[in-house]
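One structure is given below, encoded as structure tokens.
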Amino acid sequence: MKLYNSLSRKREKIEPHEPGVIRMYTCGPTVYHYAHIGNLRSYIMEDVLERHLRFIGYDVIRVMNITDVGHLSSDADTGEDKMLEGAKREQKSVMEIARYYTDAFFQDSEKLNIKKPDIVENATDCIDTYIEIIDGLIKKDYAYFEGGNVYFDTSKLDKYFVFQDIEADDLDVAVREGVVEDPNKKNPNDFVLWFTKSKFEDQALKWDSPWGVGYPGWHIECSGISLKHLGEYLDIHCGGVDNMFPHHTNEIAQSESYLGHKWCKYWMHIHHLNTTDGKMSKSSGELLTVSQLIEKGYDPLAYRFFCLQSHYRKNLVFSYENLDNAVQAYEKLIGRIARLEGEPKLHKESEEKAERLMGEFIDAMNSDLNTALAMSSLYDVLKEDIHDESKLYLLNEFDKVLALDLLKKAEEERQKAETQEENPEVEALILKRHDAKKNKDWALADKIRDNLKAKGIILKDTPEGTTWEYE
RNA sequence: GGCGCCAUAGCCAAGUGGUAAGGCGUGGGACUGCAAAUCCUUGAUCCCCGGUUCAAAUCCGGGUGGCGCCUCCA
């Protein structure tokens with residue numbers, strides 16, 4: 001398959017370091033708050049990538065970190081540890097907060113059919129690995145100790161800005177208001193590997209190290225966890241675009257300096273979910289969680305459908321109008337599938353057509369994860385002149401990658417329709433309405449229909465008679 | 001200011017040189033007493049201006065606009 005690689009800014013054919021096996025790393029959540037649906041968009045797209053790689057025959061080993069060590073919440077000097085902030089807000093310990101939001105993250109993920117990665121690792125459980133890497137970097141002279149902290153020396157690199165064509169001199173450091181340069185740094189782009197001299201006095205979690213009691217810098221976490229579980233050669237590293245710089249840039253700097261060779265081949269960056277005003281982010285305050293979506297009556301999988309209809313490298317604008325659009329499409333699609341008869345089974349005479357349809361689907365996914373195009377394969381299947389069972393078979397196959405619970409939902413829909421015989425009260429009313437209609441008493445007939453609707457029961461008049469189902 | 005991504009119908013979008021897939025919505029029709037559901041049907045000078053070419057949404061140049069990053073964010 002081909003994937004757009006942020007390093008080369010081109011679509012590249014995926015060729016893993018070890019044939020047949022993809023080692024994949026995902027930047028996980030910082031567990032100080034609920035993930036919002038913008039965060040989750042990234043995980044949905046990464047999940048689809050993983051599923052597709054497996055679908056086309058790769059073994060995938062996927063690792064995700066859980067950031068349970070604090071990061072600064074605003075800037076270097078006035079900032080407060082995020083985890084601590086969460087803890088203060090809720091009057092719980094940092095570890096309690098971390099556990100609570102980690103659980104919440106995976107619960108939300110599950111609702112969105114995001115498969116839990118093979119290995120999920122807490123940042124706080126890998127301190128030894130970070131220390132080993134930092135130690136190695138100091139020995140190789142890529143890092144220095146200054147003012148109580150260990151810094152990575154970016155001047156030792158041939159090319160630091162791997163994702164952009166920029167000269168260090170062109171880059172304004174600390175352009176944002178309130179960001180103050182750290183006088184300990186030899187170069188403006190140097191970054192901290194290990195803090196002992198905390199600028200925030202109340203950093204809650206600290207560990208012993210050769211450089212004193214302290215805690216790791218943000219970037220070392222992902223390098224360490226990836227190295228620990230995936231070894232020296234990583235195939236695909238995923239994350240949101242906003243982490244491209246500095247986080248991913250710094251990961252590469254550290255990891256490759258430490259290892260002495262190229263580390264990760266492909267970098268996949270998922271673009272943001274925007275509101276009509278801009279990025280949905282924790283700092284802008286405008287964010288929506290999965291629970292809130294459910295409270296508003298949305299099926300989380302309709303949100304997944306919404307994301308898959310777009311492309312991961314495109315800004316997607318969230319609005320209720322757009323979500324409702326996706327909800328309609330999703331429900332209609334399920335309705336059509338529910339009307340197919342039989343069990344998923346590929347019929348011999350459908351094989352040729354099925355192969356073509358399957359090929360189209362895989363081609364779309366192979367083409368830089370073109371989920372929008374792949375989704376249209378679902379409609380192609382429904383329209384194709386093949387046996388219903390073959391359609392169900394194909395839909396089921398596609399859904400292994402899309403994970404929209406298509407057949408499951410369709411089955412639920414069918415069962416809903418079958419519950420009608422079990423409610424004599426409703427049956428009686430339908431009969432009464434039938435009589436009213438016969439007598440052309442439209443007022444009474446409509447009243448019965450409206451009353452039932454108020455109870456969440458929808459009547460359907462068909463040539464064979466009236467059926468009903470719950471809304 | 002520097003760097004990057006993007007720009008196709010009301011909305012979500014596919015399409016990388018040969019004359020605009022698909023989906024949702026809307027309008028019309030069939031069915032219905034009326035609705036709902038379902039089925040049929042309906043829509044685009046591809047952000048602008050130049051250029052290359054027999055031929056450009058697609059390539060090149062120049063604009064405009066939106067979004068992001070520049071040490072908190074996926």
Side-chain angles (χ1 to χ4, degrees), chain A residues 4 6 9 26-30 35-36 38-43 45-46 70-76 79-82 85 161 163-167 169-176 179 181-182 185 188-192 217-219 238-247 249-250 269-274 277-284 305-306 309-311 313-317 319 321-333 335-336 339 364 367 370-380 383 437 440-442 445-446 449-450 453 458-463 467 469:
Chain A
Y4 181 90
S6 301
R9 272 174 263 154
T26 299
C27 283
T30 304
H36 63 258
N39 298 321
L40 266 355
R41 179 195 184 190
S42 291
Y43 298 112
M45 300 317 290
E46 290 162 5
H71 295 158
L72 319 189
S73 63
S74 57
D75 65 77
E80 190 169 278
D81 180 271
K82 271 187 188 169
E85 198 181 285
F161 295 101
F163 293 113
Q164 307 103 307
D165 288 323
I166 44 175
E167 299 300 319
D169 296 344
D170 293 339
L171 191 78
D172 281 342
V173 171
V175 280
R176 270 179 311 149
V179 175
E181 268 187 77
D182 182 342
K185 290 181 181 181
N189 292 301
D190 290 357
F191 53 92
V192 178
W218 172 32
H219 316 295
C238 312
V241 260
D242 51 355
N243 273 338
M244 211 149 140
F245 184 85
H247 186 230
T249 302
N250 289 350
H269 288 109
I270 293 107
H271 286 236
H272 286 131
L273 180 74
N274 292 165
D277 304 320
K279 177 168 76 157
M280 182 177 283
S281 72
K282 279 167 187 146
S283 47
S284 78
F305 184 97
F306 172 72
Q309 257 189 332
S310 185
H311 189 254
R313 230 148 34 71
K314 208 167 179 176
N315 288 330
L316 180 60
V317 177
S319 67
E321 188 199 347
N322 292 352
L323 218 212
D324 289 339
N325 185 139
V327 168
Q328 289 279 0
Y330 184 52
E331 286 177 355
K332 269 184 115 158
L333 179 64
R336 287 177 69 175
R339 266 171 264 129
S367 171
N370 194 337
T371 50
L373 186 59
M375 294 276 275
S376 69
S377 293
L378 297 171
Y379 296 93
D380 292 338
K383 268 187 285 196
K437 282 172 75 171
K440 296 197 192 293
D441 186 353
W442 311 129
D446 290 350
R449 185 171 63 195
D450 291 344
K453 181 156 198 296
I458 306 287
L459 297 184
K460 282 187 181 176
D461 293 329
T462 70
T467 63
E469 65 180 44

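Chain identifiers are assigned alphabetically (A, B, ...) following the order of the sequence lines, protein sequences preceding nucleic acid strands; residue numbering begins at 1 within each chain.
Ionic pairing of A:K437 and A:D446 is not present here: no N-O contact between side-chain nitrogen and carboxylate oxygen is shorter than 4.0 angstrom.
A cation-pi contact links A:R313 to A:Y4, judged by a cut-off of 6.0 Å to the six-membered ring centre and 45° from its axis.
Atom CE of A:M244 is separated from atom C1' of B:G4 by 6 Å (rounded to the nearest Å). For the pair A:Y330 OH and B:G25 P, the computed distance is 16 Å after rounding to whole Å. Note: NE2 (A:H269) to P (B:C6) measures 14 Å, nearest angstrom. In this structure, NZ of A:K383 is placed 12 Å from P of B:A21, rounded to the nearest angstrom. Going from atom CG of A:L333 over to atom P of B:C24 covers 9 Å, rounded to whole Å. The CD-C1' distance, from A:Q328 to B:G22, rounds to 17 Å in whole Å. As a whole-Å value, the separation of A:L273 CG from B:C5 C1' is 16 Å. Whole-Å rounding puts the A:R9 CZ to B:C3 P distance at 11 Å.
Here the shortest heavy-atom pairing between A:T371 and A:S310 reads OG1-O, 2.7 Å. Across A:A372 and A:Q309, no two heavy atoms sit closer than the pair CB-O, 3.1 Å.
Within the structure, a side-chain polar atom (N or O) of A:Y4 is placed less than 4.0 Å from OP1 or OP2 of B:C5.
A:D242 and A:H272 form a side-chain donor-acceptor contact under 3.5 Å, judged by distance and modelled atom types alone.
Rounded to a whole angstrom, the distance from the C1' atom of B:A55 to that of B:G17 is 7 Å. Between B:C31 and B:A36, the two C1' atoms lie 12 Å apart (nearest whole Å). Rounded to whole Å, the separation between the C1' atoms of B:G4 and B:U8 comes to 22 Å. B:U45 and B:C69 are spaced 37 Å apart, taking the C1' atom of each and rounding to whole Å. Annotation: B:G25 and B:G61 have their P atoms spaced 42 Å apart (nearest Å). Going from the P atom of B:G62 to that of B:A9 covers 25 Å, rounded to whole Å. Between B:U64 and B:G22, the two C1' atoms lie 30 Å apart (nearest whole Å). For B:C6 and B:A13, the P atoms lie 13 Å apart once the distance is rounded to whole Å.
Checked by atom type and distance alone, the side chain of A:T249 pairs as donor or acceptor with a backbone atom of A:M244 at under 3.5 Å. Formation of a donor-acceptor pair under 3.5 Å by the A:N322 side chain with backbone atoms of A:V317 is found in this model. One N or O on the side chain of A:K185 and one on the backbone of A:D190 form a donor-acceptor pair closer than 3.5 Å. A:T26 places no side-chain N or O within donor-acceptor distance of the main-chain N or O of A:E46, the cut-off being under 3.5 Å.
Under the Watson-Crick and G-U wobble criteria, each requiring two contacts below 3.5 Å, nucleotide B:G4 is paired to B:C67. Base pairing of B:A56 is not made with any nucleotide, judged by Watson-Crick or G-U wobble geometry with both donor-acceptor distances under 3.5 Å. Base-pair partner of B:A13: not found among the strands shown (Watson-Crick or G-U wobble, both distances under 3.5 Å). B:A20 is unpaired under the criterion used here, namely a Watson-Crick or G-U wobble arrangement in which both key atom distances are under 3.5 Å. Partner assigned to B:G33 is none, using Watson-Crick or G-U wobble distances below 3.5 angstrom. Both distances falling under 3.5 Å, in either a Watson-Crick or a G-U wobble arrangement, occur for no nucleotide opposite B:A44.
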task = Mark up nucleotides 9-17 of chain B, 5' to 3', with B wherever a protein heavy atom is under 4.0 angstrom from a base atom, S wherever such an atom reaches only the sugar-phosphate, and - elsewhere.
result = --BSSSSB-
query = Quick one: what's the B/S/- string for nucleotides 28-40 of chain B, heavy-atom cutoff under 4.0 Å, read 5' to 3'?
reply = -----BBBBSSS-
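A:D190 comes within contact range of at least one nucleobase, with a heavy-atom separation under 4.0 Å. Within 4.0 Å of A:G38, counting heavy atoms only, lies at least one base atom of the nucleic acid. A:K185 comes within 4.0 angstrom of a base, heavy atoms only.
Aromatic ring orientation, A:H247 versus A:H219: tilted (interplanar angle from 30° to 60°). Between A:F305 and A:Y330, the ring planes lie tilted relative to each other; the angle falls in the 30° to 60° range.
Expressed to the nearest 0.5 Å, how far NE2 of A:H271 lies from NZ of A:K314 amounts to 11.5 Å.
For the pair A:C27 and A:S376, both in contact range of RNA chain B, the more 5′-proximal nearest nucleotide belongs to A:S376. Map A:Y43 and A:N250 each onto its nearest nucleotide of RNA chain B; the residue landing nearer the 5' end is A:N250.
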